[in-house]
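What follows is one structure encoded as structure tokens, with my remarks underneath.
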Amino acid sequence: MIRVDREDAVALVTVDRQDALNALDVATLTLLRDELRGLAEDEGVRAIILTGAGDRAFVAGADIKYMSTLGVTEAMEWGVLGHETGRLLETMPKPTIAAVNGFALGGGCELALACDIRYASSGAKLGQPEVNLGIIPGWGGTQRLARVCGLGVAKELIFTGRIVDADEAARIRLVNAVHDPVLDKAREAAQLLATKSPIALRMMKRLTNRALAGDHAANLSAEADSFAELFSSEDAKEGLAAFVEKREPKFVGR
Ligand code: CAA
């Protein structure tokens with residue numbers, strides 16, 4: 001099952017299928033996608049944390065028992081469902097944070113990679129072990145791992161299936177930081193982000209997502225357009241005025 005707990009403007013989304021180390025089957029992944037769709041639209045939610053229930057796993061991957069039954073057509077649908085879920089985390093107009101509290105393997109690592117920021121507990125283990133199953137990462141790993149860690153690291157991890165511990169994950173920038181308990185770190189970051197201007201964050205996310213793709217000049221031009229457009233917002237006026245008046249800004253998202 002998927003649990004969604006609202007903590008003020010932060011939504012904590014927990015994958016809870018502990019008897020399978022939170023591996024995702026069709027029902028659980030469909031629920032996760034649907035919950036994320038709702039949260040993406042909900043203007044009361046300003047930041048999202050994704051984590052796993054219990055203290056052993058974030059998500060131990062796609063459900064291998066289920067996948068052992070699939071033919072090509074079902075595997076296509078399964079891949080699309082994973083991609084839809086990853087794209088929501090990656091493109092929804094608010095920050096998403098993975099709190100990696102244990103195994104984040106295969107599809108689990110891929111969902112973490114789709115989030116904007118990743119924090120890990122010191123006992124976390126991350127990787128793309130699909131090669132050991134005779135398959136490939138199918139929920140974005142062949143693309144996002146290279147974007148986050150660089151092509152050389154991505155190829156080594158994907159080709160060998162080697163699992164990395166939290167310290168190595170931080171060293172290769174697969175996670176932003178290691179912290180126990182990891183949820184405290186994720187909450188602190190999410191609560192901080194929830195105080196920022198949602199309009200500025202939305203634009204930042206859209207623009208930084210373009211940074212490693214497409215045409216550099218066109219991306220810079222998009223930045224220039226967004227920068228100028230923001231000056232029509234109440235939030236920009238408020239933020240600039242608050243600095244001048246030596247007070248804390250209060251952002252409303254307009
Ligand atoms: N799918 C289905 N069940 C899983 C699972 C998965 N990905 N990962 C763990 N489980 C289940 C185990 O089968 C076991 O269930 P039973 O008790 O019913 O046998 C239970 O979770 C506990 O797991 P273990 O007994 O194996 O626990 P362990 O501590 O000995 O090992 C582990 C932990 C190293 C994570 C091991 O479970 C493991 O290797 N899991 C598979 C990890 C993996 O390969 N993930 C990638 C899947 S492929 C993928 O995700 C494709 C994609 O890109 C979308």
Side-chain angles (χ1 to χ4, degrees), residues 1-3 13-36 50-91 96 98-115 118 120-149 151 153-169 174-175 182:
M1 69 179 253
I2 301 295
R3 287 203 317 265
V13 180
T14 307
V15 177
D16 190 351
R17 199 172 164 243
Q18 293 182 61
D19 55 352
L21 296 180
N22 303 325
L24 292 163
D25 59 3
V26 178
T28 316
L29 184 56
T30 304
L31 271 176
L32 178 60
R33 182 204 54 191
D34 294 348
E35 291 289 0
L36 290 173
L50 178 65
T51 195
D55 54 11
R56 292 210 60 211
F58 174 72
V59 169
D63 190 301
I64 299 172
K65 287 169 203 156
Y66 168 66
M67 283 191 297
S68 70
T69 68
L70 298 184
V72 171
T73 308
E74 298 101 323
M76 176 69 84
E77 286 166 12
W78 185 224
V80 167
L81 184 59
H83 277 178
E84 284 173 354
T85 310
R87 276 303 264 174
L88 277 163
L89 290 164
E90 182 175 56
T91 64
T96 53
V100 179
N101 57 319
F103 291 112
L105 302 177
C109 189
E110 292 173 290
L111 290 183
L113 282 166
C115 291
R118 284 156 293 287
S121 62
S122 57
K125 300 250 188 297
L126 301 94
Q128 301 289 161
E130 286 89 345
V131 69
N132 299 322
L133 302 166
I135 61 173
I136 65 169
W139 293 350
T142 64
Q143 303 305 303
R144 294 195 181 101
L145 189 56
R147 287 178 168 219
V148 171
C149 299
L151 194 52
V153 168
K155 284 182 173 172
E156 192 240 333
L157 292 185
I158 292 171
F159 293 2
T160 65
R162 190 168 68 81
I163 307 297
V164 301
D165 63 19
D167 285 342
E168 181 173 357
L174 177 49
V175 299
V182 66

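Bear in mind that the values here come from a model prediction, so they are computed numbers and not experimental data. Remember, it's 1-based here, ligands and their atoms both numbered in the order they're listed.
- Evaluated for a side chain to side chain contact (heavy atoms under 4.5 Å, CB included) with L24, the options L81, V15, T30 yield exactly one hit, V15.
- Atoms of ligand 1 found under 4.0 Å from any heavy atom of A23, numbered from 1 in the order shown, are 1 (N), 2 (C), 5 (C), 6 (C), 7 (N).
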Could you check I158 against V131 for side-chain contact (heavy atoms from CB on, under 4.5 Å), going step by step and ending with a plain yes or no?
CA-CA 7 Å; I158 292 171; V131 69; over 6 Å; no
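- Within a 4.0 Å radius of atom 51 (C) of ligand 1, the protein has at least one heavy atom.
- Contact between P129 and ligand 1 is present, with at least one heavy atom of the residue lying under 4.0 Å from the ligand.
- Once rounded to the nearest 0.5 Å, the distance linking CZ of R56 with CD of Q18 reads 10.5 Å.
- Only side-chain heavy atoms of L133 come within less than 4.0 Å of ligand 1; its backbone N, CA, C and O stay farther off.
- For atom 7 (N) of ligand 1, a protein heavy-atom neighbour is present inside the 4.0 Å cut-off.
- The closest approach between any non-hydrogen atom of D19 and ligand 1 is below 4.0 Å.
- Assignment of A20 to the shell around ligand 1 is supported, since a heavy atom sits closer than 4.0 Å.
- Within a 4.0 Å radius of atom 54 (C) of ligand 1, the protein contributes one or more non-hydrogen atoms.
- Heavy atoms from both the backbone and the side chain of A60 come within less than 4.0 Å of ligand 1.
- The nearest protein heavy atom to atom 12 (C) of ligand 1 is not closer than 4.0 Å.
- Between L50 and T96 the shortest side-chain heavy-atom distance does not fall below 4.5 Å.
- In Q128, neither the side chain nor the backbone holds a heavy atom less than 4.0 Å from any atom of ligand 1.
- The atoms of ligand 1 that sit less than 4.0 Å from any heavy atom of E110 are 52 (C), 53 (O), 54 (C).
- Judged purely by atom type and a 3.5 angstrom limit, D63 has no side-chain atom pairing as donor or acceptor with the backbone of V26.
- Look at R56 and you'll find a heavy atom under 4.0 Å from some atom of ligand 1.
- Near G138, meaning under 4.0 Å from one of its heavy atoms, ligand 1 places the atoms 52 (C), 53 (O).
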Walk me through whether L174 and L113 qualify under side-chain contact (heavy atoms from CB on, under 4.5 Å).
CA-CA 8 Å; L174 177 49; L113 282 166; 3.6 Å; yes
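- Note that atom 40 (N) of ligand 1 has no protein non-hydrogen atoms nearby, at separations under 4.0 angstrom.
- Contact annotation for atom 1 (N) of ligand 1: protein present (non-hydrogen atoms, distance under 4.0 Å).
- Note that atom 24 (P) of ligand 1 has no protein non-hydrogen atoms nearby, at separations under 4.0 angstrom.
- When distances from atom 18 (O) of ligand 1 to the protein are checked, a heavy atom turns up under 4.0 Å.
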Would you check, one step at a time, whether the test side-chain contact (heavy atoms from CB on, under 4.5 Å) holds for L29 with Y66?
CA-CA 12 Å; L29 184 56; Y66 168 66; over 6 Å; no
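- Looking at R147 and E90, no side-chain N of the basic residue comes within less than 4.0 Å of a carboxylate O on the acidic one, giving no salt bridge.
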